[in-house]
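Okay, so here's the structure we're looking at.
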Amino acid sequence: MQPEIAVTGLGLVTPAGHTTEANWAALCEGRSLATTDPELAGIPTNFSCRVLGFDARKELGLSLARRVDPFIQYALVAARRAVADADLDTSAWQAERVGVVLGVGTNSLGGYLTEFGHLVAGNPERVSPLALPRSVPNMAAGEVAIDLGACGPNFTTSSACASGATAIGVARDLLRSGTCDVVLAGGSESPGSRIAAACFSRMRALSRRRERPELASRPFDAARDGFVLGEGAAVLVLERLSTARARRAPVLALLRGYGAGSDAYHPIAPHPDGDGVVRVLRAALADAGCRPRDIGHVNAHGTSTRMNDAAEAAALVRVFGDDMPPVTASKGVIGHALGAAGAIQAAYTVLALRHGKVPPTANFEVQDGPHKVDVVAGLPRPAAADTGVSCSFGFGGQNAVLLFTAP
């Protein structure tokens, strides 16, 4: 019999705030945080959801803040807060039994552009020797391990927008196998560079509601026209339930199910019938020993793009049918944090279970298409059961689903 896996700590740095309390309050308010972004001036989509009020020098000290790019800064702060939330003493833990697994999708494209500019200008001597170590994807997990003294397995998952969820699933497996006693798992991303925004805009993936950016991110709504770039980090502390109980740790939720797979269909577009999503949803349910009617709510991938939301709705209808649970999509509030999105959603799913209610989906008014899901809108809704599912899907058809229950 597989050991049960507990979530004992959460750390969040997102456009909704830098604490779990601030994030939960913003989710329940259900208002989009998208605003005009001066850094994206001249690009068809000139707005985003940024992490505001974050002082890296105050949080990390001048030397460390200067050494690492924003996605690593966010990961460091989220990890520190998750460890504190879990009531872990880093000076007393068995360091070689503590792992770090973080998902990163794009890392710091903007930083590369700055250094490339020196080369174009004929000044290679001005390229920073820290250009790579401060920005390569694995350094979020690497710097967290250095900061906290975690000497166990340490690596990065990169499965596009499913990266953070995949990291949590891999961390679960490290605990089940007995390789680790504690794993810090999650994701971090800061993709709001001009090159990323221009590329996604050229793909017609971003909303172009320049006049009213606060209305742009509207998952599952008939008037949706693309996603809004977000950023941030989430880290969850995972332990075997027996370990958590032995040290009398707070148990926030149990990670009961995980499903992962591929559409094997198209580099960018989801399968229109949601075939791959159906498979991973059913895999997560089977892993947890749950039936569709056992699920109290779904935190959907819900990007606010035409194809993704339609495919996800089709998959949810196929899996849940008449047992459709309430569906929320937090990207309506905080935008799409790409590789960090799955980890942020996982943390939000845990918070929803803790509070016993499902936050609303920002800007949702009316659904389109033949597949209708029960989208929560306007006000939070009481949860129908103490089980929640978080869905994450990425380019390349890479899909991951996490299933949590209240302890």
Over all heavy atoms of both residues, which pair between [X] and [Y] is shortest? Give the atoms and the distance, please.
X	Y	answer
F220	G302	CE1-CA, 4.1 Å
S262	N399	C-ND2, 4.2 Å
A329	P219	CB-CB, 3.5 Å
Y348	W24	O-CZ3, 4.5 Å
A385	D294	CB-O, 3.7 Å
P380	K357	CB-CD, 4.0 Å

Any side-chain heavy-atom pair of [X] and [Y] under 4.5 Å:
X	Y	value
C180	P153	yes
V298	D374	no
L119	V127	yes
N46	D37	no
L52	T35	no
V170	V183	no
S190	Y74	yes
M307	P272	no

Side chains of [Y] and [X]: any donor to acceptor distance under 3.5 Å?
X	Y	result
D225	S207	yes
R204	T305	no
T14	N23	yes

Taking the basic N atoms (NZ, or NE/NH1/NH2) and the acidic carboxylate oxygens, is any pair closer than 4.0 Å for [X] and [Y]?
X	Y	result
R172	D287	yes
R318	D275	yes
R256	E4	yes

[atom1] of [X] to [atom2] of [Y]: how many Å apart, nearest 0.5 Å?
X	Y	atom1	atom2	result
I43	I195	CD1	CD1	8.5 Å
S193	L40	OG	CG	8.5 Å
E143	L64	CD	CG	6.0 Å
Q73	L60	CD	CG	6.0 Å
L33	C49	CG	SG	6.0 Å
L338	S188	CG	OG	11.5 Å

For the backbone of [Y] and the side chain of [X], can you confirm whether one donor and one acceptor N or O come within less than 3.5 Å of each other?
X	Y	result
R208	S201	yes
E59	F54	no
D221	E365	yes
R134	P129	no
E189	G339	yes
R224	R306	yes
S217	V228	no
S304	R218	yes
R240	L175	yes
N154	A141	yes

Audit row: V98, D181, side-chain contact (heavy atoms from CB on, under 4.5 Å) steps and yes/no: CA-CA 6 Å; V98 180; D181 295 329; over 6 Å; no
Just wondering, more than 12 heavy atoms not from [X] lying within 6.0 Å of its [atom1]?
X	atom1	value
D55	CG	yes
R210	CZ	yes
R245	CZ	no
F155	CZ	yes

Aromatic plane relationship, Y265 with H271 - under 30° parallel, 30 to 60° tilted, over 60° perpendicular: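 Tilted: the ring planes of H271 and Y265 meet at 30° to 60°.
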Sole candidate of R176, R247, R97 that passes salt bridge (charged side-chain N to carboxylate O under 4.0 Å, His left out) when paired with E239: R247
side-chain contact (heavy atoms from CB on, under 4.5 Å) assessment of V182 paired with T8: CA-CA 10 Å; V182 176; T8 58; over 6 Å; no
Full working for side-chain contact (heavy atoms from CB on, under 4.5 Å) between E39 and R50: CA-CA 11 Å; E39 291 189 35; R50 293 278 187 184; 3.4 Å; yes
side-chain contact (heavy atoms from CB on, under 4.5 Å) evaluation trace for D85 with L252: CA-CA 10 Å; D85 192 41; L252 307 180; 3.6 Å; yes
